[in-house]
Asker: 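One structure, as structure tokens, below. Some questions next.
Here is how names work: the chains are called A, B, and so on, in the same order as the sequence lines, proteins then strands, and each is numbered from 1.
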Amino acid sequence: MNFCKRTHNCGELNIKNEGEKVTLNGWVSKTRDLGGLFFIDLRDRYGITQLKVLPENKEVYDIALRLGQEFVISASGNVIKRESINKNIPTGEIEIEVNEIEILNESEIPPFVIEDDVKAADDLRLKYRYLDLRRKILSDNLILRNWVYQIVHKYFEKHDFVEVETPVLMKSTPEGARDYLVPSRVHNGKFYALPQSPQLYKQILMVSGLDRYVQICKCFRDEDLRADRQPEFTQIDLEMSFVDQNDVFEILEGMFFEIWKDIKGIELPAGFRRMTYDEAMNKYGSDKPDLRIKGGMEIENISELVKGSDFKVFSDAAASGGIVAGIKLQSKEVTRKIIDGLTEFVKKSGFGGLGYLKFNEDGTVQSPIVKFLNEEITNNIKSTFSCAGGDTVFILSGEKMKVLQTLGQLRLRLAEDFDLIDETRYEFLWVIDFPLFRYEEEEKRFYAEHHVFTMPKDEYLKFLDSSDKDEIESIRANCYDLVLNGHEITSGSIRIHKPEIQKKVFSIIGLTDEEAKMKFGFILEAFKYGAPPHGGAAVGFDRVIAILCGLKSINDTIAFPKTLKASSLMDECPSEVATVQLDELGIELKKKK
RNA sequence: GGAGUCGUAGUUCAGUUGGUUAGAACGCCUGACUGUCACUCAGGAGGUCGCGAGUUCGAGUCUCGUCGAUUCCGCCA
């Protein structure tokens, strides 16, 4: 098809181009018919340029009158200075006086108007994703994502990493998330799994001597979704040989340094803050604390202070091995209604109520529990939290982890409600020394907190032979997360490369030699032939992009995201398949109940 | 698997205690208009109130179920 091809895009012309004869191709964003004067806003991904059509040019004018939203056109004419300038857009000083228009394609009336401040609901936007992506605000996310992609590739190339593609069809392993399964036609009854991550392959590449591996790859997890969780997502996967934790940190800090410098023009600190898992839990009630909250709002354990109080709820908690702890909300008006809302919030986590002490400006203390606490205890609480008039301390008591986690959630809730988050900050934090195991009460067994190949810290190796639950739970690992603004954006560990340590870990999670061989045989086999000390990490690419774009959800960093029920509204997948296809795979569907 | 919110015109929403013909804005169509850029003005078309039962003389409104979107918990690198 012949058509008049563009000489420029719709975002680049300005007053310097005055007098030039140009051709633009693009979509009709809007038309304004003033009777004797006709304006067209022509859009492409670079921007919008105004076209002007005069009725004297009858042929062109008649075409202009036919134009509808989202028609694709080619327009030629001269760049002229506008009579009235639009300061809101980069091309606002000029317009094209059109002497030729060609309609390249018509459009049906779109189901929603394509504008930055889109009004359509999510499902409609997803069904017509291609229209939604015509919005600059959205396509800019994909463009930024591409920039980060390029920075990452260059960065790792510069540091001698080798990009290796690992299989997408792999062996299903039962640990971790639920696998997406792919049936095999050649081996009826057998299945591949899509990778939850290329974990095992990258470790084997270390045994191969590749030394430094990186891959920006798709990962798949068949679990329920969230705003920051898609069934398929992208990670920057990396692994290094002959390294300890600090080497991995250094490489990743360097990567984030370059990304933030290039994309945001921000110089991140040379080394990120570090905090142990235990400290994070005790101070923030979370393994991914948001450090942007004004005043810090750290949790204080006041078990000792209230141990002897007459308030049974507190003294009982302390006596039965639990804790009493609280957080302070600084100088905010806390009404009855707010307290009720927060009480409702903690009740959902199984607490009977929320204790609070309001320290008034006049020195009095307002609280339903103050009558149970003597003056000394009240004063001690006040000084522990460094309270001034106008501050409120919220207190929970009970089982330690539950108290800490709920206070952590309360902290985030208060920060949200009282607008205490400094949105301009980027707070990176390494959370280190995670527990190696997690005890599952219901099944009465240990699970690997990270994954089964995570190396325990040297000083805890002795507990691998222990049969004491507390000792095993106390084992800390060379396992780390990078947290940014309360989001986990990276996770990794130093791996076990010694068979005797691996054996002990398997034994603690109740995996017999036989089972281990069946599930992980190939990697254990590989490890027999000289596995170097190695470790690595995986970066949640979508989450990083979402934060860079200022988005709460990762969906708008992904071209074609899926809904919470993991379906794609545009191409309507998943879908049923023909019986012939199932027959070839040797699969028969169960009848629906 | 559980809890919450939402579903009414092409779109975003309003719709009172269950009561006559379900409204507004934007978009769309027709006409007018030579400096608009959220153009303006005049007129017009457009509805299976997500779907299915039930209660009722009467349901957009109440009840139950179901489907979809979304937020959170469980789950999950």
Asker: Can you identify which nucleotide, out of B:G1, B:G68, B:U70, has its nearest atom closest to the A:Thr563 side chain?
Answerer: B:U70
Asker: Ring centroid separation for A:Phe541 and A:Tyr149, is it under 6.0 angstrom?
Answerer: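 Yes, they do, as the ring centres are separated by less than 6.0 Å.
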Asker: Base, sugar-phosphate or nothing for A:Gln196? Non-hydrogen atoms, less than 4.0 Å.
Answerer: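 Answer is sugar-phosphate: A:Gln196 comes under 4.0 Å of backbone atoms only.
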Asker: Could you check which of B:G35, B:U70, B:U11 has an atom nearest any side-chain atom of A:Ala120?
Answerer: B:U11
Asker: CG of A:Asn555 versus P of B:U70: gap in Å, rounded?
Answerer: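 Those two atoms, CG and P, are 7 Å apart.
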Asker: For A:Asp33 and B:C28, give me the distance from atom CG to atom P, rounded to whole Å.
Answerer: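 These atoms are roughly 12 Å apart.
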Asker: At less than 4.0 Å, is any side-chain N or O atom of A:Arg32 found next to OP1 or OP2 of B:C39? Yes or no.
Answerer: yes
Asker: Which atoms form the tightest heavy-atom contact between A:Tyr130 and A:Lys127, and what is the distance?
Answerer: CE2-O, 4.2 Å
Asker: Using a 4.0 Å heavy-atom cut-off, does A:Ser84 contact any base of the nucleic acid, only the sugar-phosphate backbone, or nothing at all?
Answerer: base
Asker: Please tell me if A:Lys565 has a side-chain N or O lying less than 4.0 Å from either OP1 or OP2 of B:G68.
Answerer: yes
Asker: Look at the side-chain N and O atoms of A:Gln69 and state whether any lies under 4.0 Å from the OP1 or OP2 oxygen of B:C28.
Answerer: yes
Asker: Please compare A:Lys119 and A:Asn86 by the position of their nearest nucleotide in RNA chain B and report the one closer to 5'.
Answerer: A:Lys119
Asker: Using OP1 and OP2 only, check whether a side-chain N or O of A:Lys52 sits under 4.0 Å from B:C37.
Answerer: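 The answer is no; no side-chain N or O of A:Lys52 sits under 4.0 Å from OP1 or OP2.
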Asker: Can you tell me if the side-chain N/O atoms of A:Ser567 get under 4.0 Å from OP1 or OP2 in B:A69?
Answerer: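 For B:A69, OP1/OP2 do have a side-chain N/O of A:Ser567 under 4.0 Å.
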Asker: Starting the side chain at C-beta, find the nucleotide from B:C72, B:U36, B:G27 nearest to A:Glu95.
Answerer: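 Nucleotide nearest to A:Glu95's side chain: B:U36.
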Asker: What's the CG-P distance between A:Leu65 and B:C28, to the nearest Å?
Answerer: 14 Å
Asker: For B:G54, give its Watson-Crick or G-U wobble partner with both distances under 3.5 Å, or none.
Answerer: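 Check on B:G54: paired to B:C62, both distances under 3.5 Å.
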Asker: Quick check on B:C75: is either OP1 or OP2 less than 4.0 Å from any side-chain nitrogen or oxygen of A:Arg229?
Answerer: no
Asker: Would you call A:Phe39 stacked on B:U36, i.e. ring centres under 5.5 Å apart with the planes less than 30° off parallel?
Answerer: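 Stacked: centres under 5.5 Å apart, planes under 30°.
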Asker: I need the CG-C1' distance between A:Leu54 and B:U36, as an integer number of Å.
Answerer: 13 Å
Asker: Determine the contact category for A:Glu344: base if any of its heavy atoms lies under 4.0 Å from a base atom, sugar-phosphate if only primed atoms, P, OP1 or OP2 are that close, otherwise nothing.
Answerer: nothing
Asker: Which of these nucleotides, B:C33, B:C37, B:U11, is closest to any side-chain atom of A:Asp41?
Answerer: B:C37
Asker: Check the distance between B:U11's P and A:Glu115's CD and give it to me in whole angstrom.
Answerer: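 Distance, rounded to whole Å: 14 Å.
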Asker: Determine the sole option in A:Phe428, A:Tyr426, A:Trp430 for which the ring pair (Phe, Tyr, Trp, His ring centres under 6.0 Å) test with A:Phe256 is passed.
Answerer: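 When ring pair (Phe, Tyr, Trp, His ring centres under 6.0 Å) is applied between A:Phe256 and each of A:Phe428, A:Tyr426, A:Trp430, only A:Phe428 qualifies.
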Asker: Taking atom P of B:U34 as reference, at what distance in whole Å does atom CG of A:Asn57 sit?
Answerer: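 Whole-Å distance recorded here is 17 Å.
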Asker: CD of A:Glu223 versus C1' of B:C76: gap in Å, rounded?
Answerer: 5 Å
